[in-house]
There are 2 protein chains.
Amino acid sequence: MVSEAKIATILIADDHQLFNDGLRTLLTFEGSPFKVIEQVYSGSDVIPAIHLVNPDLVLLDINLPNRNGLDIARQVASDFPSVQVVIISMYSYRKFVDELKKIGVAGYLLKSASKQELIACLQNVMKGIAYFDATLNGKSATLHQGDDFVKKFKLSSRELEIIVLMKQGLATPEIAIQLFLSEETVKTHRKNIYYKLKIKNLAELIRFVSEQGI
Amino acid sequence: MVSEAKIATILIADDHQLFNDGLRTLLTFEGSPFKVIEQVYSGSDVIPAIHLVNPDLVLLDINLPNRNGLDIARQVASDFPSVQVVIISMYSYRKFVDELKKIGVAGYLLKSASKQELIACLQNVMKGIAYFDATLNGKSATLHQGDDFVKKFKLSSRELEIIVLMKQGLATPEIAIQLFLSEETVKTHRKNIYYKLKIKNLAELIRFVSEQGI
DNA sequence: TTCAAAATACCCCAAAAGGGGTATGGTGCA
DNA sequence: TGCACCATACCCCTTTTGGGGTATTTTGAA
């Protein structure tokens, strides 16, 4: 928590240098309550940078080279509980939202957000108010309420496991071998997945998965 | 071509608002030879915006909603030959580089580039010098030298078209209908694509395409 | 403890995908 | 004027996928 007067120090972790620098420039203006004190471009540089500069807040991308943002968020929460983490990502990783909230992540912004949203998010977070992008709240808040969305899309962990392998380019026989299952079982799971997602072939599954950011 | 004194006007087309705005801020500094005169966030807004503001240069993302950047580049080249196009993308779309050069695109930057590279690229382009990211040149310079890479990956435009439809979740019969082709023709193209990419099924194609960022 | 799922696994069958050919007309380059 | 490549389209064949069932065991929550 930071008083009104104090300027919040920020570490930006994003491998797209132009985006990273652009963010810094966006946050650097006359009277800005923020100061970007460090920028890193690799997942493995985040923790060392926090050690060095001890920022109030980390703006963290999910897709980072060398180390995954989710993983980093976990370590920050356990090793640096006073450092606020705000995820900034291209996608609505809906399936991560609950996990991120559990970890204690303070905010989630999309790269398609506006400068105003960015500022609002950071100001809320520095006041101790969590700020999650509306497109995330809309769909994921309903996940633990028993509505249509649940009935349509709620997949079992086995089904999710198989979806991931299918997306990785494994054919049914290969998945069966990998999971020590009969091909028939994998086929059954695949049928159930298609039924639940209301799709009819692999290509549509890939599309679905991309859209949901699984 | 623009004289040293004139300030180059720029249109930025990128759906990630924070990136788009960040770019504008990066290009806006004391004595900057550039001026961002318009920003759009959707592929379908690019051509109308060019009509309106007639920029010297368009900074164009490849992955735009509603309309593909490659497609837009083609139209800009034919309808507005005086407008320079610089691609700015997350990925090294190596397979597109020859195509982009043929179209007459003046530059290709990665989002992981630095501000210095961005400035250098734009200055070169405004002097009439093409600027393609080094990681593209490294691999694509060999593209017209008849080596293995060419034989493995160089896809025809028809093949690319079919890849895109396959990735969108269309089955062979649907693609055939959409392109007014025989199913057999689509099958032939698909076979040739798989041969060129050394893959053996749709799932692997999807993976390949994701990795290459098409 | 009972009941609903999830996970397992099989049946049958049609459709599509995948892999091997061949062939023909067109286009662009040397 | 070739030659290479592209786009088109067909043949044959096997494997995989997709869609409809049914059935057993395990597991977790009421």
Side-chain angles (χ1 to χ4, degrees), chain A residues 143-147 149-209, chain B residues 95-96 98-99 101-103 143-209:
Chain A
L143 257 174
H144 31 71
Q145 284 171 21
D147 65 357
F149 188 82
V150 176
K151 289 185 186 98
K152 276 181 205 159
F153 296 126
K154 201 178 169 193
L155 299 158
S156 72
S157 55
R158 195 53 144 178
E159 286 161 353
L160 264 176
E161 199 176 2
I162 286 171
I163 287 175
V164 169
L165 294 176
M166 290 175 79
K167 192 202 163 196
Q168 282 173 7
L170 298 197
T172 302
E174 297 171 313
I175 295 173
I177 290 168
Q178 185 141 338
L179 299 181
F180 304 103
L181 291 177
S182 153
E183 283 186 32
E184 292 298 328
T185 303
V186 177
K187 282 184 64 177
T188 302
H189 283 305
R190 195 184 54 202
K191 277 188 287 190
N192 291 335
I193 290 165
Y194 286 6
Y195 174 78
K196 287 183 178 180
L197 303 184
K198 295 194 192 300
I199 58 179
K200 60 177 177 35
N201 58 42
L202 212 211
E204 287 187 43
L205 175 71
I206 304 294
R207 184 167 41 163
F208 179 90
V209 161
Chain B
K95 290 193 297 302
F96 289 166
D98 280 349
E99 173 76 3
K101 286 180 176 170
K102 205 163 73 185
I103 290 171
L143 257 174
H144 30 74
Q145 285 174 20
D147 66 357
D148 264 19
F149 188 83
V150 176
K151 288 183 187 102
K152 277 181 205 162
F153 296 125
K154 203 176 168 191
L155 299 158
S156 72
S157 55
R158 193 55 142 178
E159 286 162 352
L160 266 175
E161 200 176 2
I162 287 172
I163 287 175
V164 169
L165 294 176
M166 290 176 78
K167 192 203 163 193
Q168 282 173 6
L170 299 196
T172 302
E174 297 171 312
I175 295 173
I177 291 167
Q178 184 141 337
L179 299 180
F180 305 103
L181 291 176
S182 153
E183 284 187 31
E184 293 296 330
T185 302
V186 177
K187 281 184 65 178
T188 301
H189 284 305
R190 195 185 53 201
K191 276 188 286 190
N192 292 335
I193 290 164
Y194 286 7
Y195 174 76
K196 287 183 180 181
L197 302 184
K198 295 195 189 301
I199 58 178
K200 61 179 177 35
N201 58 41
L202 211 213
E204 286 187 41
L205 175 72
I206 304 294
R207 184 169 40 162
F208 180 90
V209 160

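A, B, ... follow the sequence lines: proteins, then strands. Residue 1 opens every chain. Every value quoted in this text rests on a predicted model; they were computed, and no experiment measured them.
- Using a cutoff of 4.0 Å between basic side-chain nitrogens and carboxylate oxygens, A:Glu159 and A:Lys191 are not scored as salt-bridged.
- B:Glu204 has its CD atom 10 Å from the P atom of C:dG18, to the nearest Å.
- At least one donor-acceptor pair closer than 3.5 Å links the side chain of A:Thr188 to the backbone N or O of A:Glu184.
- Taking atom CD1 on A:Ile193 and atom P on C:dT8, their separation rounds to 12 Å, with Å as the unit.
- Dashed line: the shortest gap from a side-chain N or O of A:Thr172 to OP1 or OP2 of D:dT16 is not under 4.0 Å.
- For B:Leu202 and D:dT17, the CG to C1' distance is 11 Å, given to the nearest whole Å.
- Contact annotation: B:Tyr195 does not reach the phosphate of C:dG19 (side-chain N/O to OP1 or OP2, under 4.0 Å).
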Derivation and outcome, side chain to side chain contact (heavy atoms under 4.5 Å, CB included), residues A:Leu170 and A:Gln178: CA-CA 9 Å; A:Leu170 298 197; A:Gln178 185 141 338; 3.5 Å; yes
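- D:dT17 atom P lies 19 Å from atom CG of B:Leu170, rounded to whole Å.
- Between A:Tyr194 and D:dG19 there is no side-chain polar atom (N or O) within less than 4.0 angstrom of OP1 or OP2.
- For the OP1/OP2 pair of D:dT14 and a distance below 4.0 Å, the side-chain nitrogens and oxygens of B:Lys200 include no atom meeting the criterion.
- Annotation: side chain of A:Met166 is in contact with side chain of A:Leu202 (closest heavy-atom distance under 4.5 Å).
- Taking atom CD on B:Glu174 and atom C1' on C:dA16, their separation rounds to 12 Å, with Å as the unit.
- A salt bridge is defined here as a Lys NZ or Arg NE, NH1 or NH2 lying under 4.0 Å from an Asp or Glu carboxylate O, and A:Glu183 with A:Lys187 fails to meet this definition.
- With rounding to whole Å, A:Arg190 atom CZ is found 16 Å from C:dT8 atom C1'.
- Using modelled atom types, no side-chain atom of B:Glu204 and backbone atom of B:Asn201 make a donor-acceptor pair closer than 3.5 Å.
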Between the protein and nucleotides 7-12 of chain D, are there any N/O to N/O pairs under 3.5 Å, and if so, what are the atom names and distances?
from: D:dA7; atom 1: OP1; to: B:Ser156; atom 2: OG; distance (Å): 3.3
from: D:dA7; atom 1: OP1; to: B:Arg158; atom 2: N; distance (Å): 3.2
from: D:dA7; atom 1: OP2; to: B:Ser156; atom 2: OG; distance (Å): 2.4
from: D:dT8; atom 1: OP1; to: B:Arg158; atom 2: NE; distance (Å): 3.4
from: D:dT8; atom 1: OP1; to: B:Arg158; atom 2: NH2; distance (Å): 2.7
from: D:dT8; atom 1: OP2; to: B:Arg158; atom 2: NE; distance (Å): 2.8
from: D:dT8; atom 1: OP2; to: B:His189; atom 2: NE2; distance (Å): 3.1
from: D:dA9; atom 1: OP2; to: B:Ser182; atom 2: N; distance (Å): 2.8
from: D:dA9; atom 1: OP2; to: B:Thr185; atom 2: OG1; distance (Å): 2.9
from: D:dA9; atom 1: O5'; to: B:Thr185; atom 2: OG1; distance (Å): 3.2
from: D:dA9; atom 1: N7; to: B:Thr188; atom 2: OG1; distance (Å): 3.3
from: D:dC10; atom 1: OP2; to: B:Ser182; atom 2: OG; distance (Å): 2.6
from: D:dC10; atom 1: N4; to: B:Thr188; atom 2: OG1; distance (Å): 3.2

